[in-house]
2 protein chains.
Amino acid sequence: MAVSVLTQKKNMPAGNPVERLLAATADDMARVNSLILSRAESHVDMVPELARYLIDSGGKRLRPMLTVAAAQLFGGGAGNAVNFAAAVEFMHNATLLHDDVVDESDMRRGKPAARMVWGNKASILVGDFLLGQAFMMMVETGDIGSLGVLSAASAVMAEGEVFQLAKTGDLATTEADYAEVIRAKTAVLFEAACEVGAMSGGADAAGRAALARYGLELGNAFQLVDDALDYGGQSGALGKNVGDDLREGKMTLPVILALAAGNEAEKAIIASALGKADASDLEVSQVVAIFNRHDTLNRTLEKADAHARTAVEALGILPESEMKTILADVVMHSVRRAS
Amino acid sequence: MAVSVLTQKKNMPAGNPVERLLAATADDMARVNSLILSRAESHVDMVPELARYLIDSGGKRLRPMLTVAAAQLFGGGAGNAVNFAAAVEFMHNATLLHDDVVDESDMRRGKPAARMVWGNKASILVGDFLLGQAFMMMVETGDIGSLGVLSAASAVMAEGEVFQLAKTGDLATTEADYAEVIRAKTAVLFEAACEVGAMSGGADAAGRAALARYGLELGNAFQLVDDALDYGGQSGALGKNVGDDLREGKMTLPVILALAAGNEAEKAIIASALGKADASDLEVSQVVAIFNRHDTLNRTLEKADAHARTAVEALGILPESEMKTILADVVMHSVRRAS
């Protein structure tokens, strides 16, 4: 990478920033986690079984941590932030359940996807249940403003998933289309998670806007890195699950940039592997070789870097604090994981 | 049927009660329908295409009509009721989209189900979009109490669908299990539709409770009739799509009653056809013959009748009005359609 967020801040405190975020939000997250457990309960056994299988499967719970962190940043007690954090995690998990059905994914977080254990039908319906529970938790706060932020996010996320589906395998997909997909399917929930956290913490309009922007740009960076990692990241090294996006026909930035830069032969190789569910590792490696020839994984990561810088800049208007430093470092960490 | 709601009220005004409800709510429903159209819009073409295909497919829009009718009953202007009515219809349509995927249904309202045209993936995601839009419309009212009613309904509906799925083909399913399934998957949305309508219309606590009860019992009656109609209704006559529930393994009341009353040979015939996707019309007719021997279709309709009577009784505390008469007659009509 030419200019990296990683090289901008030399004096980053020791320790993994996500670990530091975990420590700083531990008390509130204990309450969030207990709320998550209790709201996954149901007299219908399959509901908590399936929900907990996913929820307890080792996700980092980054989104709810951001919600309570944002509230802390403005000095507000956890209060509503605990409900909103749990609601955000339920919305995220509902999306994962539906996405795994839509993408026909076999694995999630290193173990069989819920749909492989309970089936597609239960995954769809338990996703719906989690979404309903998320809205109930939001309603309990009585905060109609935050409800507006999160319900809008819910609709935009689904719209983004449909847009991605409509663009599947579409060689004419533009960078602008891609930017819209990742904003809608990923960044908007990060944005909402941070924004409602700030609102719960008592932020003024400028503070709320700063955290919303921080979340949005963190989310964009996060998805760009994910999309580079799907092809092995900066190294372009092949490993487990490398090329899943290619086989699913997903028009991510490394593909779009390679189609724009490649010659006819290269484009033909990409087009032939794209959306081919049984594309071999050799075919995937041929496509990654084309990416490397045109530096599209690095260019994707540079774009992530730019979003990460914007996220950190958005925090600029806020007074210095330990939490502000952690939030800035978390962005840097999320970009670094692909290097 | 031994005692029928139909014979209780001799002086029913002329005209189909649903037509009279349509006429009485026409002005408000024009606003609801225009809101429904505008909120199915999206820059992602597939969203309005799929949503409108379903929404415009000739459903009666009974639920949103009940919402605006309940508001009118208490004299309130349409106001919030228009938003809630559109939201209720979106929630209902989201459920239909997901149900058709879960049930692998080919047809809906006499034409190919949306999933047969746009696929399961788009049906799941557009369902999610409609749910998100529903919550946005609710949030716009600022009425957190009604939001609570509808978000709870949303979670309970999904829970009911999972319960139904868990009970699929389970010969040990009880009448109480069945009552819980239909309450959750169907009646609770009718209950919520009427309750938030009453709230929008300015009902007091007793009026709100009356309308909630009316909606709940109407919903229970509605689903019982549907479940009898799936086997041809009172006549038990075979026609198009008769036996779908049997082939899907749905444990509806006619089946549960027949398993309880039948001898071993009859139980074996039912068990062998239940959940058999390619069960022949002959097999279905053998099962219906067993139903007729034990009168289980009539007994199901009698139960619907009892719920319908309770629905009408719930309106008893309210002063007489044209709308009250229409609402009572609508219940009777919904029971009558199976006779």
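Within every chain, numbering begins at 1; the chains are lettered A, B, ... in the order of the sequence lines, protein sequences first and strands thereafter.
With a 4.5 angstrom heavy-atom cutoff, Leu150(B) does not touch chain A via any of its atoms. Of the atoms belonging to Glu140(B), not a single heavy atom falls under 4.5 Å from chain A.
Between Phe135(A) and Phe135(B), the two ring planes are parallel [angle under 30°; tilted spans 30° to 60°].
Leu125(A) approaches Ala158(B) most closely through the heavy-atom pair O-CB, 3.7 Å. Closest heavy-atom contact between Gly132(A) and Ala155(B): C-CB, 3.9 Å.
Ranked by heavy-atom pairs under 4.5 Å with chain B, the first of Glu159(A), Glu180(A), Met46(A) is Glu159(A). For chain B, the option among Met136(A), Gln133(A), Glu104(A) with the highest count of heavy-atom pairs below 4.5 Å is Met136(A). Ranking Met138(A), Lys167(A), His43(A) against chain B, the residue ahead of the rest is His43(A), based on heavy-atom pairs under 4.5 Å.
Counting only heavy atoms from C-beta outward, the side chains of Leu147(B) and Ile144(A) approach each other to under 4.5 Å. The side-chain heavy atoms of Asn120(B) and Val102(A), taken from C-beta on, include no pair separated by under 4.5 Å.
A salt bridge is absent between Lys121(B) and Glu161(A); no separation between the charged side-chain nitrogens and carboxylate oxygens falls under 4.0 Å.
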